[in-house]
Number of protein chains: 2
Amino acid sequence: MDKLSLDTLGRHLQSLRLARGLSLSQLAAAAGIAKSNLSRLEAGNGNPTLDTIWRIAVQLEVPFSQLVEPVSAPVEEEGIQVRLIDRGGDTPQVDVYWMSCAPHILRVAETHTPGAQESVMVISGELEAGLEGETRLLGPGESHTFPADQPHLYRTGETWATLLVTIVYAAQGDVL
Amino acid sequence: MDKLSLDTLGRHLQSLRLARGLSLSQLAAAAGIAKSNLSRLEAGNGNPTLDTIWRIAVQLEVPFSQLVEPVSAPVEEEGIQVRLIDRGGDTPQVDVYWMSCAPHILRVAETHTPGAQESVMVISGELEAGLEGETRLLGPGESHTFPADQPHLYRTGETWATLLVTIVYAAQGDVL
DNA sequence: TTTGCTCGTTCGATATATGGAACGCTTTAT
DNA sequence: ATAAAGCGTTCCATATATCGAACGAGCAAA
């Protein structure tokens, strides 16, 4: 296995542990593993068992993929990057976009077909979005829905923001 | 570690392998592990090393959270296809999946981390989703949000359904 | 200072995950 | 029919992940 992955595992472990103010001994005890084991893992040596990873992940309260998979760094682009995820059929048509915004951008969206609704779900970072004058500040996991046929905007602050944008073209029913 | 998790790992492994038309021997050889090892893992016994899991995940071409975490498990029923769209960082972590369901499938999802919230946005088709006994019938552009740490289900009717599933792992803020 | 506590690391012993060679079974070819 | 090749499983030897104990360092209270 890639040695790099073990390194990242170690660094993730340590940073997550420190972020929670836990000592190595405390975490090891809480997880029910030997601290010698945890020590080696944080050092980047070792090749933990699923059982071990599981116990640690439970204690750190993270889905365990977070321990081993590299943090997705925002692509080095300027401005805004948009990707069409999927597009539904008719009645009503639904478009889903994945979107990544650099810090300090302001985007005033064009108006769409009358009756269209737009939903924004923030995946990571922070984003201000909504109708002009009625925007909301959204963090990860938060969402906002507004009419897409009126001028609306996206604005980022100090950080990158990744989000999903869903556009429903025929106004209908409840939307998120 | 939870024996249940090892079972699910085994079932995931086998279903993913079969879905790709690989024999156990082939996969083991391709991944560079002994087939005795893989055999034991699929049987639900054993406690694989991170190295082993990694090698298998690479060969199956799945982000390896798919092997162990419940949401993206097209296990028992075929006819469900799941793709990880994006994954946010910490505080809170947000996972976004694209999902396609065949007609007449019923999927009872396992529980995630306590406090997790799950949002379903239907892109096309129709889908019944929500907590057991509190499901809602959703059409294109409609969405539903419910706690993900309780048993919940997806059910399709006569048609295919395409949807987005967003999981927010740390309960926090409005998810309406 | 000394004592006592906790920290993270390192060491040897043990438990066990892995690899490799059998095995019996089924399928395909001769 | 027999042979040959592939399948998945089960055994044992070995590599190694884990454990528990001992260690030195840092810190606070006596």
Side-chain angles (χ1 to χ4, degrees), chain A residues 1-60 62 64-69, chain B residues 1-62 64-69 73-76 78:
Chain A
M1 145 141 170
D2 201 352
K3 182 181 177 306
L4 182 63
S5 302
L6 294 174
D7 281 351
T8 51
L9 170 67
R11 281 187 283 104
H12 285 193
L13 271 180
Q14 187 159 9
S15 82
L16 286 170
R17 171 172 68 82
L18 295 177
R20 283 155 182 74
L22 292 172
S23 74
L24 189 147
S25 307
Q26 288 175 324
L27 177 57
I33 65 175
K35 55 179 183 176
S36 57
N37 194 8
L38 183 55
S39 174
R40 198 174 340 99
L41 294 181
E42 285 194 358
N45 317 322
N47 178 20
T49 288
L50 181 57
D51 175 86
T52 300
I53 308 174
W54 186 275
R55 299 173 108 116
I56 297 175
V58 167
Q59 282 304 315
L60 293 177
V62 296
F64 102 16
S65 50
Q66 189 167 343
L67 291 180
V68 283
E69 287 182 0
Chain B
M1 137 135 145
D2 202 351
K3 183 180 176 303
L4 182 64
S5 303
L6 293 174
D7 282 351
T8 51
L9 170 68
R11 284 187 282 105
H12 289 197
L13 272 180
Q14 185 160 11
S15 86
L16 286 170
R17 172 173 69 80
L18 294 177
R20 282 156 183 73
L22 293 172
S23 74
L24 188 148
S25 307
Q26 287 175 324
L27 177 57
I33 66 175
K35 57 179 182 175
S36 59
N37 194 7
L38 183 54
S39 174
R40 202 171 336 101
L41 293 181
E42 286 193 358
N45 317 322
N47 177 18
T49 288
L50 181 58
D51 175 86
T52 300
I53 308 175
W54 186 273
R55 298 173 108 116
I56 297 175
V58 167
Q59 282 304 315
L60 293 177
E61 293 178 350
V62 294
F64 95 22
S65 49
Q66 199 152 7
L67 291 180
V68 282
E69 283 179 8
V75 227
E76 298 296 335
E78 41 205 317

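Below, read A as the first sequence line, B as the second, and so on, with proteins coming before strands; counting in each chain starts at 1. Since the model is a prediction, treat every value here as computed from it, not as a measurement.
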### Query
In Å, rounded to the nearest 0.5 Å, how long is the span from CG of A/L38 to CG of A/L24?
4.0 Å
### Message
Under 4.0 Å from a heavy atom of chain B: give me the 5'-most and 3'-most nucleotides of DNA chain C that qualify.
### Response
C/dA17 to C/dG20
### Query
Rounded to the nearest 0.5 Å, what separation is found between the CD1 atom of A/I33 and the OG atom of A/S39?
10.5 Å
#### Entry: Distance in Å, A/Q59 CD paired with A/R17 CZ, rounded so as to fall on 0.5 Å steps
13.0 Å
### Set of side chain to side chain contact (heavy atoms under 4.5 Å, CB included) partners for A/R40, sequence neighbours left out
A/N37, A/N45
### Task
Considering only heavy atoms of chain A and a distance under 4.0 Å, specify the first and last nucleotide of DNA chain D in 5' to 3' order that meet this criterion.
D/dA17 to D/dG20
### Query
Roughly how far, to the nearest 0.5 Å, is the OG1 atom of A/T52 from the CG atom of B/L50?
10.5 Å
### Task
Please check if the side chain of A/N47 supplies one atom and the backbone of B/D51 the other of a donor-acceptor pair under 3.5 Å.
yes
### Task
May I ask you to list the residues of residues 30-38 of chain B, by number, that have any heavy atom positioned under 4.0 Å from an atom of DNA chain C?
B/G32, B/I33, B/A34, B/S36, B/N37
## Note on the structure
Of B/Q26 and B/T49, the one whose closest nucleotide on DNA chain D sits nearer the 5' end is B/Q26
### Query
CG/A/L41 to CD1/A/I53 distance, rounded to the nearest 0.5 angstrom?
8.5 Å
### Message
So, taking the atom named CD in A/E42 and the one named CG in A/L27, what distance separates them when rounded to the nearest 0.5 Å?
### Response
7.5 Å
### Task
Using the test side chain to side chain contact (heavy atoms under 4.5 Å, CB included), find all partners of B/S25 that sit at least two apart in sequence or belong to another chain.
B/S23, B/K35
